[in-house]
Every structure is written in C-alpha cells, then in structure tokens.
Amino acid sequence: MAAHPAFADWDGSVAHARAMQSELAQRVVLRDGFPKTLRTIAGFDVGFEEDGAVTRAAAVLLDAETLQPLQSEVARIETVMPYVPGLLSFRELPALLKALDRLGATPDLVFVDGHGIAHPRRLGIAAHFGVVTGLPSIGVAKKILVGAATTVPHQMRGAYVALRHKGEQIGWLLRSKPNCNPLIVSPGQHVAMASAADLTMRFVTRYRLPEPTRLADRLASRRDEDRG
DNA sequence: GCGACAG
DNA sequence: ATCTTGTCGC
C-alpha cells in the first residue's frame, strides 16, 4: 500500500493505523523548538487528480520576513488509501513527504492544511508530519474534527478562543479575518499551545488563510492552471 | 442506538 | 477533496 518508509511498518489496516497514531502521539512535544528568528517557513497542502486516483502535494517555501515565496514544488503519487475521518495522514502524508523532499530545504517552521493535535488521538496530519520529519509544525484547518469551544471569537482580526476536547485544550479558533469563519489552529510538533495562534497570525495578510497554507492551497488545487 | 466526522 | 455562476454582505 503505502510506498514511503515512514509507513513501512504499517500493515494497512485501520486498526493498526489507529494504534500507530496513539504511539506517535506520545512523541509530540508541545514546546517551542524553533529559532527565535524565523528565516524560512513552509506551507503544505494536498489535492487530487484523475478522480482521486492521483494524490498531488504542494510545498511552498517562504521568506519568513518578507513572506515572499522562494520556492514551490508539486509532487504526485498514486493515491494509497481512501479518506477516512481521523486517518487523513495515512492518505495524504506520503505525498507531502515527497513534496518536502523535492523542496530540499529545511524550513524553520511548517504549516500544514489540517489539524495538529486537535484530533481524536492527538495526531492530526500536521502533528504526524512533525514527528516524522522532526520539523516544528502547526496545523491550520477550516473545520473542527473533534472538540468544541465555549464561545466564538470576536469579529476582530486576531481574536481567538480555546478549542477543548475531553477536558483538555487541543487548539484555538482563530479569527484570521473579520466576518470570515474562524480557522482551527493547533500545534503539531515543537510548538507550544500558547504560541500557535500568534505564530499563525504572524503570516496572515489580507486573506483568511496564512500565506504558507494559502499559497500551497492554490498549487495543490487546480485553481492556478498549473505547473509541475 | 444515533449522529458527527480534517481533506 | 471535487463538480461550479452568480450573489449577498462587509
């Protein structure tokens, strides 16, 4: 099934995938582990072609200071698994890792479209990506998978409220843009809960999505009649 | 048992 | 995720 070494020991079953998530979740560290001054950051997202038969991942490297894109890569692989809520990383991570490979560079921080620890077993695709690569990561999703917030964030840009699940905070609902649905931001690897929202807002310009994820989104989807 | 369910 | 034009609201 999966062709990437990170999935070499997976027997292909849903049960084993869940067990692997629980084990990998133990390795997630919620402590800021990135340079004080970010040099480069990257955004990752996935899209599909050929009716889902082909998985296409996009990676965009940006200058953390100017937010200007420095490099863009698109990787394609044969789709390895259907979409199953909670097991998204087993479907999309192989392609994302290939895109990171093509990037060659080592960004100081990575943003992945999807959840970090805001997941049933605390291992959303951004957290999985971080544990496997060792890179600091943050998950930026558009919808909640699990958990709930007591209130909604104020309409002011940058406002946020906690997303909780089973007695613990698993992320934030962040109003990145006024009058737009809040983003669900959660730490992946080497990022503290308290820093996740700030770090994300740091890269939001005039759109709902932060630049890293927004640019990767355009490349992964077929909106920008593409390249690669 | 019944719904909810990232992309 | 993906198929797709116009339209309402800030």
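In the text below, chain A, chain B and the rest are named by the order of the sequence lines, each starting its count at 1. Hydrogens, waters and symmetry mates are skipped; everything else that's a heavy atom, side chains included, is used.
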Rounded distance in Å - [atom1] ([X]) to [atom2] ([N]):
X        : N     : atom1 : atom2 : answer
A:Arg91  : C:dT2 : CZ    : C1'   : 11 Å
A:Leu209 : B:dG7 : CG    : C1'   : 13 Å
A:Lys142 : B:dG7 : NZ    : C1'   : 8 Å
A:His115 : B:dA6 : NE2   : P     : 7 Å
A:Glu49  : C:dC3 : CD    : P     : 11 Å
A:Leu88  : B:dA6 : CG    : C1'   : 6 Å
A:Glu50  : C:dC3 : CD    : C1'   : 15 Å
A:Arg121 : B:dA6 : CZ    : P     : 13 Å

Just wondering, do A:Tyr83 and C:dA1 stack (centres under 5.5 Å, planes under 30°)?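 A:Tyr83 ring does not meet the centre or angle cut-off for C:dA1; no stack.
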
Report the C-alpha distance between A:Gln189 and A:Val132 in whole Å, list the side-chain angles of each, state the deciding distance to 0.1 Å, and finish with yes or no for side chain to side chain contact (heavy atoms under 4.5 Å, CB included). CA-CA 10 Å; A:Gln189 181 68 308; A:Val132 168; over 6 Å; no

Mind checking if [X] touches a base, just sugar-phosphate, or nothing, with heavy atoms under 4.0 Å?
X        : answer
A:Leu183 : nothing
A:Asp113 : sugar-phosphate
A:Gly139 : nothing
A:Ile144 : sugar-phosphate

At a cut-off of 3.5 Å, list every protein nitrogen or oxygen paired with a nitrogen or oxygen from nucleotides 8-10 of chain C, distance to 0.1 Å.
{"from": "C:dC10", "atom 1": "O3'", "to": "A:Asn179", "atom 2": "ND2", "distance (Å)": "2.7"}

Axial cation check for A:Tyr83 ring with A:Arg91, 6.0 Å and 45° limits: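 Because its charged atom misses either the 6.0 Å distance or the 45° angle limit, A:Arg91 does not stack over A:Tyr83.
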
Where do A:Phe90 and A:Val80 land on the side chain to side chain contact (heavy atoms under 4.5 Å, CB included) test, with the steps shown first? CA-CA 8 Å; A:Phe90 285 78; A:Val80 298; over 6 Å; no

Pull out every stem in DNA chain C, meaning runs of 3 or more consecutive Watson-Crick or G-U wobble pairs with both distances under 3.5 Å.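 Consecutive-pair runs (3 or more) involving DNA chain C: none.
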
A:Val74 and A:Arg102: which non-hydrogen atoms are nearest, and at how many Å?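 Of all heavy-atom pairs spanning A:Val74 and A:Arg102, the closest is O-NH1, 3.1 Å.
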
Output yes when A:Glu23 and A:Arg121 qualify as a salt bridge under the 4.0 Å nitrogen-oxygen rule, no when they do not.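 No salt bridge links A:Glu23 with A:Arg121.
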
Using 4.0 Å as the upper bound for N to carboxylate O, is an ion pair formed by A:Lys142 and A:Asp113?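 Here A:Asp113 pairs with A:Lys142 in a salt bridge, since their nearest N and O are under 4.0 Å apart.
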
When you check the side-chain N and O atoms of A:Thr205 and A:Glu211, is any donor under 3.5 Å from an acceptor?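 Side-chain D/A pair, A:Thr205 to A:Glu211: present.
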
Side chains of A:Asp32 and A:Ser195: donor-acceptor distance under 3.5 Å anywhere?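 Yes, because at least one side-chain N or O of A:Asp32 sits under 3.5 Å from a partner of the opposite role on A:Ser195.
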
Name every donor-acceptor pair, under 3.5 Å, that has one atom in a side chain of residues 156-165 of chain A and the other anywhere in the protein, sequence neighbours excluded.
{"from": "A:Arg157", "atom 1": "NH2", "to": "A:Val204", "atom 2": "O", "distance (Å)": "3.0"}
{"from": "A:Arg164", "atom 1": "NH2", "to": "A:Gly167", "atom 2": "O", "distance (Å)": "3.1"}

Closest to the A:Leu145 side chain: C:dT2, B:dG7, B:dA6?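 Closest of the options to the side chain of A:Leu145: B:dA6.
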
